[in-house]
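The structure appears right after this line, and notes come after that.
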Amino acid sequence: MSDLNSTTPNCPDDLIAAQPLEPMMREAGKIALHYFGSVSPERKADQSVVTAADREVERFLVRELTNRFPDHACYGEEYGASENKNARCVWMIDPIDGTAGFVSELPTWTICAGLLVDGVPQTGLVYAPVAGDLYMADPSSGATVNGRPIHVSDATELKPDSTLLAYSYAHHELDLTWPGRIWALSSAAVTVVYAARGSITAGLVDRVHSYDVAAAAAILKQAGGELRNLQSGTPVDFHAFKGHERAEDWMIATNPGLQDEVRKHFKAKNAG
């Protein structure tokens with residue numbers, strides 16, 4: 001990834017208002033939908049699934065972002081780092097977050113582009129083309145879905161009807177005592193933005209890559225939420241993500257007042 005110690009200009013807090021980013025994301029969605037329902041999956045070296053849609057969407061987004069922000073860097077899931085490796089401003093791109101669901105023709109995959117400034121998520125765009133939901137956030141505009149402001153749940157305690165979105169294999173690694181409903185979808189970004197919009201009480205994300213959650217983390221922050229490490233409770237540090245390495249811990253997305261209460265309901269099975 002980029003060396004974030006150097007300086008480059010043009011990382012404003014009002015990037016969404018200043019640039020036509022919504023048409024770019026919707027065009028990326030059209031590209032992906034062209035393949036949806038008729039794509040042949042392949043296996044990468046790590047056995048994760050990739051498709052032609054992943055590759056074409058990433059090439060499109062890198063090209064568009066590079067044209068708009070020539071002093072920024074881009075880092076994508078499929079092709080890694082672009083030019084400007086010393087840039088402070090780095091776009092993290094996941095062209096199809098939830099590729100397995102995409103291949104299975106489920107509707108909950110997303111297209112993600114998140115801007116890190118000095119390693120901190122600042123601007124986020126997460127588009128769910130099948131639902132038609134475009135989430136956007138930056139410090140100036142706040143967090144929205146299709147232009148409507150969103151905010152995390154204002155719950156102050158967990159109840160039997162509290163809802164959690166979690167990774168489908170969470171029960172293999174964690175002992176869960178969640179008191180309410182647990183659902184699983186195919187996208188880490190969806191898990192985080194659903195927490196951001198208050199549709200769920202909390203989201204549990206596994207050890208994903210930075211490009212999986214950078215955009216959604218920016219949206220969650222502007223919606224009043226926090227993304228914290230499960231075991232330590234510390235804020236997720238995007239400086240700790242390196243290239244294609246995964247995060248060292250699971251992550252919790254919820255409102256700040258519920259973080260400690262939510263984390264108590266998950267314990268690593270090897271923790272004794």
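Taking the side chain as every heavy atom from C-beta outward, W250 and L204 approach each other to under 4.5 Å. A 4.5 Å side-chain heavy-atom check between T177 and K264 finds every atom pair outside the cut-off. Within the 4.5 Å cutoff, side-chain heavy atoms of L185 are placed close to those of L165. Between V152 and T254, the closest side-chain pair of non-hydrogen atoms is not below 4.5 Å. A heavy-atom distance below 4.5 Å is not found between the side chains of P95 and I111. At a threshold of 4.5 Å between non-hydrogen side-chain atoms, the residues V205 and V213 count as touching. Side chains of M92 and F238 form no contact here, defined as non-hydrogen atoms less than 4.5 Å apart. Side chains of L230 and L174 form a contact here, defined as non-hydrogen atoms less than 4.5 Å apart.
A donor-acceptor contact shorter than 3.5 Å is absent between the side chain of T66 and the backbone of R63. Panel note: side chain D212, backbone V208; no donor-acceptor pair is recorded below 3.5 Å. In this structure, the side chain of T163 engages the main chain of T201 through a donor-acceptor pair within 3.5 Å. Between the side chain of S187 and the backbone N or O of A189, at least one donor-acceptor pair lies under 3.5 Å. No donor-acceptor pair closer than 3.5 Å links the side chain of R88 to the backbone N or O of V117. The backbone N or O of S141 sits less than 3.5 Å from a side-chain atom of D138, completing a donor-acceptor pair. Under the 3.5 Å distance criterion, the side-chain polar atoms of K30 are left unmatched by any main-chain donor or acceptor of P129. Using a distance-only test at 3.5 Å, with no hydrogens or angles considered, no donor-acceptor pair links the side chain of H72 to the main chain of L115. Listed for the Q259 side chain is a donor-acceptor partner under 3.5 Å among the backbone atoms of E226. For the pair D14 (side chain) and P139 (backbone), a donor-acceptor distance under 3.5 Å is absent.
For the residue pair S232 and D249, no side-chain donor N or O sits within less than 3.5 Å of a side-chain acceptor on the partner. Between the side chains of W178 and H265, no donor-acceptor pair of N or O atoms lies under 3.5 Å. A donor and an acceptor atom, one from each side chain of S153 and N255, are nowhere located under 3.5 Å apart. E173 and Y167 are not linked by any side-chain donor-acceptor pair at a separation below 3.5 angstrom, with hydrogens and angles left out of the test.
A distance of 11.5 Å separates CZ of R228 from CD1 of I252, quoted to the nearest 0.5 Å. Taken to the nearest 0.5 Å, the NE2 atom of H239 stands 6.5 Å off from the CG atom of D118. Here CZ of R246 is found 4.0 Å from NE2 of H209. Values are rounded to the nearest 0.5 Å. Atom CD1 of I182 sits about 5.0 Å away from atom CG of L176, to the nearest 0.5 Å. If you take CG on D94 and CD on E77, they are separated by 4.5 Å, rounding to the nearest 0.5 Å. Here CG of L65 is found 7.0 Å from CG of L21. Values are rounded to the nearest 0.5 Å.
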| task | In sequence, state the C-alpha distance, the side-chain angles, and the governing distance for E22 and Y127, and then conclude on side-chain contact (heavy atoms from CB on, under 4.5 Å). | result | CA-CA 9 Å; E22 178 175 349; Y127 184 33; over 6 Å; no
| said: Determine whether S186 and T108 satisfy the following criterion, side-chain hydrogen bond (donor to acceptor under 3.5 Å, both in side chains), listing intermediate values before the conclusion. | reply: CA-CA 6 Å; S186 62; T108 51; 3.0 Å; yes
| request: Go through the steps for D97 and Y211 under the test side-chain contact (heavy atoms from CB on, under 4.5 Å), then give the verdict. | output: CA-CA 9 Å; D97 184 52; Y211 45 72; over 6 Å; no
| field | CA sep, side-chain torsions, deciding dist, call: N229, E248, side-chain contact (heavy atoms from CB on, under 4.5 Å) | value | CA-CA 9 Å; N229 293 304; E248 294 183 354; over 6 Å; no
| query | Going through the checks in order, is the side-chain contact (heavy atoms from CB on, under 4.5 Å) test met by Y35 and T51? | reply | CA-CA 9 Å; Y35 290 94; T51 70; 5.9 Å; no
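Under the 4.0 Å criterion applied to side-chain N and carboxylate O atoms, R55 and E58 are not assigned as salt-bridge partners. A salt bridge is defined here as a Lys NZ or Arg NE, NH1 or NH2 lying under 4.0 Å from an Asp or Glu carboxylate O, and K267 with D175 fails to meet this definition.
Across every non-hydrogen atom of P256 and G224, the tightest pair is CD-O, 3.2 Å.
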